[in-house]
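Notes for the one structure printed next.
The analysis underlying the following values was restricted to heavy atoms, covering all of them including side chains, and did not include hydrogens, waters or symmetry mates. Because the structure is a prediction, the values reported are computed rather than measured.
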Amino acid sequence: MIISIIGSGGREHAISKKISESPQVSKIYCIPGNAGTNEIAENIEIDVDNFDEIKNFLIKSKVDLVVVGPEKPLVNGIVDFLEKEKIKVFGPKKIPSKLEGSKIFTKKICKKYNIPTANFGIFENIEDTFKFLKSSNFPIVVKADGLASGKGVYICENSNAANEAVKEIFDGKFGEAKNVLIEEFLKGDEMSFFVICDGKNFQNFQTAQDHKRVYEGDKGKNTGGMGAYSPSGLINYDLEKKIIDKIIRPTLKAIEDLGENYKGFLYAGLMIKDNEPYLIEYNVRMGDPECQTILPLLKTDFLEILNSCCDERLDKLKIEWKNQKSLCVVVCSKGYPEKFQNNIKIDNLKKLNLDKNDFIFHAGTKKNNGEIFSNGGRVLNFVSISSNYKESRDKVLKLINNLNWSNSFFRKDIGFKVIDK
Ligand code: AMP
Ligand code: GLY
């Protein structure tokens with residue numbers, strides 16, 4: 001089969017690598033990919049927002065299956081667009097992608113289907129919002145409705161901070177805003193829960209915990225993710241059953257009631273309190289870096305899983321996992337998530353000794369004259385799997401130290417809640 005993967009991050013490198021291990025693959029194209037995907041696939045320089053050009057390329061190259069990595073093309077309807085051209089594609093259509101594309105869409109589903117989540121209000125103008133905030137308890141959470149690359153969420157300790165956040169949102173910081181979402185602040189421990197769906201059936205696709213804050217001890221600004229581990233330390237049979245029964249099934253029913261179905265990965269961001277799950281948000285894709293962390297644990301042919309989703313026969317497949325612990329540390333450009341420099345040469349990559357349980361997934365990298373250069377804030381993902389989280393982290397940190405890249409920084413405490421307790 002000829003496969004095309006859309007995206008250019010660590011997630012897409014991990015997806016390409018796992019697909020490349022399938023005996024059913026003859027060729028992989030990454031649109032646009034990075035220096036890592038370039039080793040196993042052919043990178044095709046097309047803007048992921050240019051659906052027409054992507055379609056023309058896919059038809060010309062006789063691509064059998066397209067896998068969409070990031071949320072933006074999904075929310076903008078790339079799946080509907082390609083399916084109209086009879087191109088087989090793995091990912092949710094435009095309406096179900098609103099689960100990520102509109103936080104208010106998701107909150108309304110939660111209310112209608114009794115899905116546990118933070119109490120919330122939707123406000124349509126600044127005056128009403130300010131009035132509400134005057135009598136609120138703090139901390140409180142202020143959210144922009146649409147996609148905001150993880151930046152549209154404000155945890156506010158007092159009314160001044162909340163008013164400021166509301167102003168920024170209505171002033172258009174994340175695009176034109178018709179409304180703002182205000183949520184009760186939930187206390188507890190976070191967990192990422194993944195399922196894979198074929199439109200009719202779904203199966204669990206592991207759990208993980210990511211670290212979004214830039215500094216050790218989960219301090220500082222939010223980032224795209226500084227590292228992750230899988231499985232989450234919180235998961236147990238009872239909790240898993242509650243997540244499925246109270247959150248995942250009612251959500252899939254809501255999508256069905258809209259006359260749609262859900263095909264693709266569904267990623268529930270949860271808060272767990274006293275072994276009870278609350279939905280914080282949905283993403284309609286794999287997480288990054290959770291994907292890089294989870295896929296090395298997968299035993300079943302990944303392409304077979306994706307194919308069975310596209311053919312609505314996921315119920316016939318048993319997805320098998322290694323009973324190991326995976327941990328990922330993201331190596332970033334100095335300065336990220338603020339200003340950072342690109343085009344810094346990364347020298348030692350080829351010299352690193354990886355064994356079969358170690359993986360390096362590229363994110364912001366590009367190749368020039370056979371050399372690898374940085375090309376983004378999150379540059380490389382180091383992953384190791386072993387029988388325990390600490391051993392995995394020790395191995396990853398050893399490899400990163402051997403890389404010794406001068407422009408890098410990374411967190412050494414990924415997994416502290418399950419390792420350093
Ligand atoms: P989101 O982009 O919705 O995942 O939000 C980013 C982060 O903000 C989450 O990972 C949580 O750490 C935090 N967050 C969002 N909503 C809430 C909430 N209602 N209560 C507590 N923390 C929240
Ligand atoms: N790691 C968080 C995300 O992918 O949204």
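- With 3.5 Å as the limit, one finds no donor-acceptor pair spanning the side chains of Tyr262 and Asp198.
- The ring of Tyr282 has its center no closer than 6.0 angstrom to the ring center of Tyr267.
- Checking Asn381 against Gln292 by side-chain atom types alone, a donor-acceptor pair falls below 3.5 Å.
- Side chains of Ser384 and Asp358: a donor on one and an acceptor on the other come within 3.5 Å.
- There is no side-chain donor-acceptor pair under 3.5 Å between Lys367 and Asn43.
- Relative orientation of the Phe174 and Tyr154 rings is perpendicular, given thresholds of 30° and 60° on the angle between their planes.
- Phe194 has its ring centre no less than 6.0 Å from the ring centre of Phe265.
- By the 30° and 60° cut-offs, the orientation of the rings of Phe57 relative to Tyr29 is perpendicular.
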Trp405 vs Phe410, ring pair (Phe, Tyr, Trp, His ring centres under 6.0 Å): CA-CA, chis, key distance, verdict: CA-CA 11 Å; Trp405 180 42; Phe410 54 93; over 10 Å; no
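- Side chains of Thr365 and Asn375: no donor on one and acceptor on the other come within 3.5 Å.
- A 6.0 Å sphere centred on CG of Asn401 holds more than 12 heavy atoms belonging to other residues, nucleotides or ligands.
- In this model, no donor atom of one side chain and acceptor atom of the other lie less than 3.5 Å apart for Asn348 and Asn402.
- Taking the ring centroids of Phe409 and Tyr336, they lie at or beyond the 6.0 Å cut-off.
- With hydrogens and angles left out, the side-chain atoms of Ser16 and Thr37 include no donor and acceptor closer than 3.5 Å.
- Side chains of Ser333 and Asn342: no donor on one and acceptor on the other come within 3.5 Å.
- The neighbour count for Lys72 NZ, taken as heavy atoms of other residues, nucleotides or ligands under 6.0 Å away, does not exceed 12.
- Between Phe416 and His211, the ring planes lie tilted relative to each other; the angle falls in the 30° to 60° range.
- Counted by atom type alone, Asn119 and Glu183 present zero donor-acceptor pairs between their side chains at under 3.5 Å.
- With hydrogens and angles left out, the side-chain atoms of Ser386 and Lys325 include no donor and acceptor closer than 3.5 Å.
- In this structure, a donor-acceptor pair under 3.5 Å is absent between the side chains of Gln209 and Glu190.
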